[in-house]
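Everything on this sheet refers to the single structure shown next.
Here, residue 1 is the first one in the sequence, and each next residue gets the next number.
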Amino acid sequence: MASLSLKHIDKTYPNGFKAVKDFNLEIADKEFIIFVGPSGCGKSTTLRMVAGLEDITGGTFEIDGKVMNDVEPKDRDIAMVFQNYALYPHMTVFDNMAFGLKLRKVPKEQIKKQVEEAAKILDLDKLLDRKPKALSGGQIQRVAMGRAIVRNPKVFLLDEPLSNLDAKLRATMRTELTKLHNRVETTFVYVTHDQVEAMTMATRIAVMKDGLIQQVDTPQTLYDFPVNLFVAGFIGTPQMNFINGTLEKKGEDLYFNFENLTIKLPPEKASNEALQEYIGKEVIVGIRPECIHDDNANLALYPDSTIEANVEVTELMGAEIYLYLHVGEETNLTARVPNHSQSRAGETIKIALNTNRLHIFDKETERCICH
């Protein structure tokens with residue numbers, strides 16, 4: 001098994017484009033870490049540098065304390081699963097899984113044993129004689145994983161391995177990958193642009209933007225305590241609501257003014273030292289959709305933050321309803337409410353904001369001032 005260390009990693013292409021900038025990360029043995037971010041943020045480039053498929057322009061990459069910058073990919077004891085799986089169509093499942101071992105001239109009996117063990121883990125033991133064209137998308141994905149597992153590598157690298165699957169199969173395979181990680185007890189480094197995949201599978205997530213790490217933490221901490229506006233908006237479905245407004249202090253109380261509306265903030269925010277220098281200034285307030293309520297109990301609970309909103313669209317999601325709301329002239333909000341909500345499109349309703357769960361951001365730097 002392996003721990004990975006990336007210290008001040010840079011990637012600059014010959015045309016001068018910097019794809020990855022000062023990337024620093026310590027990955028623990030047996031960890032399931034996910035790099036997540038929009039297209040072009042540098043996550044796949046970073047993964048390819050770990051694999052040895054891209055040269056590292058600057059910095060140091062180590063596996064178990066040994067510098068790997070100039071070590072050939074085949075000598076890094078790393079297995080990579082690509083987005084397109086790259087199976088050989090003319091070979092059976094067994095031969096596809098055994099191919100890497102045959103190249104290493106592993107004895108036939110040993111190959112048979114390792115392939116059969118991996119096939120059992122992945123529920124492929126009845127499919128070993130089939131060719132890829134006779135397999136479903138999920139089975140093909142498992143064969144690609146099996147080909148990596150048989151090598152018993154120190155590290156698994158997975159580059160968007162679920163992106164070619166349909167939504168239902170993706171959900172199933174997320175669970176299967178988590179189970180697999182628990183069984184093989186190997187370090188997993190996984191790349192995706194899908195924050196749902198990251199939230200459901202990772203022990204830690206590295207959120208990236210423009211070649212830079214924005215925040216690295218557990219899924220729950222990223223969700224509850226985002227360090228900036230980008231992380232707050234990227235993590236969570238539907239995404240966090242953002243409202244532009246100003247802070248105002250009256251006596252001991254702190255208020256947030258927007259769209260000719262005023263909501264009173266809770267005492268702990270009024271006494272927050274970091275917020276004092278923002279009195280009278282513009283800030284951005286963030287609130288998660290599940291913290292906006294339309295039921296009488298919560299309207300009574302938060303009388304100081306109850307406002308009127310127009311319901312533009314409702315989406316029934318089964319166990320819950322998404323309400324798309326318009327407040328004042330230009331503020332749009334999304335609320336996630338229970339499926340027994342009586343709010344309907346076209347109505348004007350009262351909503352209550354759970355001000356205990358507000359996040360306040362600096363409008364210029366986009367850093368979070370307080371949670």
Side-chain angles (χ1 to χ4, degrees), residues 34 36-38 41 192-200 202 204-210 212-247 256-259 261 263 265-266 268-269 272 274-275 278 282-294 298 302 305-307 309-315 317 319-328 330-338 341 343 351-371:
I34 294 186
V36 70
C41 71
T192 182
H193 64 273
D194 183 341
Q195 58 92 23
V196 175
E197 281 181 28
M199 289 290 286
T200 51
R204 280 193 307 154
I205 300 171
V207 182
M208 294 183 68
K209 179 193 176 193
D210 299 333
L212 291 164
I213 291 182
Q214 303 294 306
Q215 187 174 357
V216 184
D217 221 313
T218 63
Q220 195 66 55
T221 302
L222 285 179
Y223 190 80
D224 291 337
F225 304 104
V227 297
N228 60 28
L229 210 60
F230 176 78
V231 176
F234 195 83
I235 298 293
T237 306
Q239 78 158 48
M240 185 183 286
N241 297 288
F242 298 115
I243 310 169
N244 289 297
T246 54
L247 292 179
F256 177 63
N257 301 322
F258 71 104
E259 296 274 9
L261 298 166
I263 61 173
L265 301 184
E268 60 269 23
K269 286 191 169 53
N272 187 298
L275 285 178
Y278 290 89
E282 281 193 70
V283 294
I284 298 170
V285 158
I287 185 165
R288 295 271 180 210
E290 63 270 23
C291 299
I292 300 175
H293 308 282
D294 68 342
N298 278 296
Y302 303 109
S305 59
T306 296
I307 57 175
N310 298 315
V311 183
E312 297 198 312
V313 177
T314 65
E315 286 182 351
M317 306 302 290
E320 56 200 12
I321 294 174
Y322 295 169
L323 303 179
Y324 295 92
L325 308 167
H326 192 69
V327 176
E330 53 189 35
T331 301
N332 294 307
L333 301 174
T334 305
R336 188 160 77 189
V337 297
S341 166
S343 300
I351 57 170
L353 279 58
N354 178 351
T355 48
N356 297 312
R357 300 281 301 277
L358 289 182
H359 307 265
I360 302 176
F361 300 91
D362 184 305
K363 193 167 184 184
E364 298 300 318
T365 65
E366 300 188 349
R367 303 293 295 177
C368 190
I369 308 162
C370 83
H371 298 287

From [atom1] ([X]) to [atom2] ([Y]), nearest 0.5 Å:
X	Y	atom1	atom2	result
T331	N244	OG1	CG	7.5 Å
E364	I284	CD	CD1	9.0 Å
D217	I235	CG	CD1	11.0 Å
F361	L229	CZ	CG	5.5 Å
S305	L358	OG	CG	7.5 Å
M208	I213	CE	CD1	6.0 Å

Please find the pair of heavy atoms, one from [X] and one from [Y], that lie closest to each other, and give the distance.
X	Y	answer
D294	S341	OD2-OG, 2.5 Å
V231	Q215	CG1-OE1, 3.4 Å
P226	H359	CD-CE1, 3.9 Å
A202	P219	O-CG, 3.5 Å
F230	P38	CZ-CD, 3.6 Å
F234	Q195	O-CG, 3.2 Å

Trace of the side chain to side chain contact (heavy atoms under 4.5 Å, CB included) decision for E315 with Y324: CA-CA 8 Å; E315 286 182 351; Y324 295 92; 3.0 Å; yes

Mutual orientation of the aromatic rings belonging to H371 and F225 [parallel < 30°, tilted 30-60°, perpendicular > 60°]: perpendicular

How about [X] and [Y]: do any of their side-chain heavy atoms sit closer than 4.5 Å?
X	Y	value
I307	F258	yes
K363	V283	no
I243	V327	no
Y302	N356	yes
L325	V311	yes
K269	I360	yes
L333	I351	yes

Audit row: T355, F256, side chain to side chain contact (heavy atoms under 4.5 Å, CB included) steps and yes/no: CA-CA 10 Å; T355 48; F256 177 63; over 6 Å; no

Full working for side chain to side chain contact (heavy atoms under 4.5 Å, CB included) between H293 and V337: CA-CA 6 Å; H293 308 282; V337 297; 5.8 Å; no

P238: side-chain contact (heavy atoms from CB on, under 4.5 Å) partners, not counting sequence neighbours: P289, Y322, T334, R336

Residues forming a side-chain contact (heavy atoms from CB on, under 4.5 Å) with N332, sequence neighbours excluded: E312, H326

Flag if over 12 foreign heavy atoms under 6.0 Å of CD, E268: yes

R357, CZ atom: more than 12 neighbouring heavy atoms under 6.0 Å: no

Side-chain H-bond candidate by donor/acceptor type, Q214 with N228, under 3.5 Å: yes

From CA spacing to verdict: side chain to side chain contact (heavy atoms under 4.5 Å, CB included), N354, N298: CA-CA 8 Å; N354 178 351; N298 278 296; over 6 Å; no

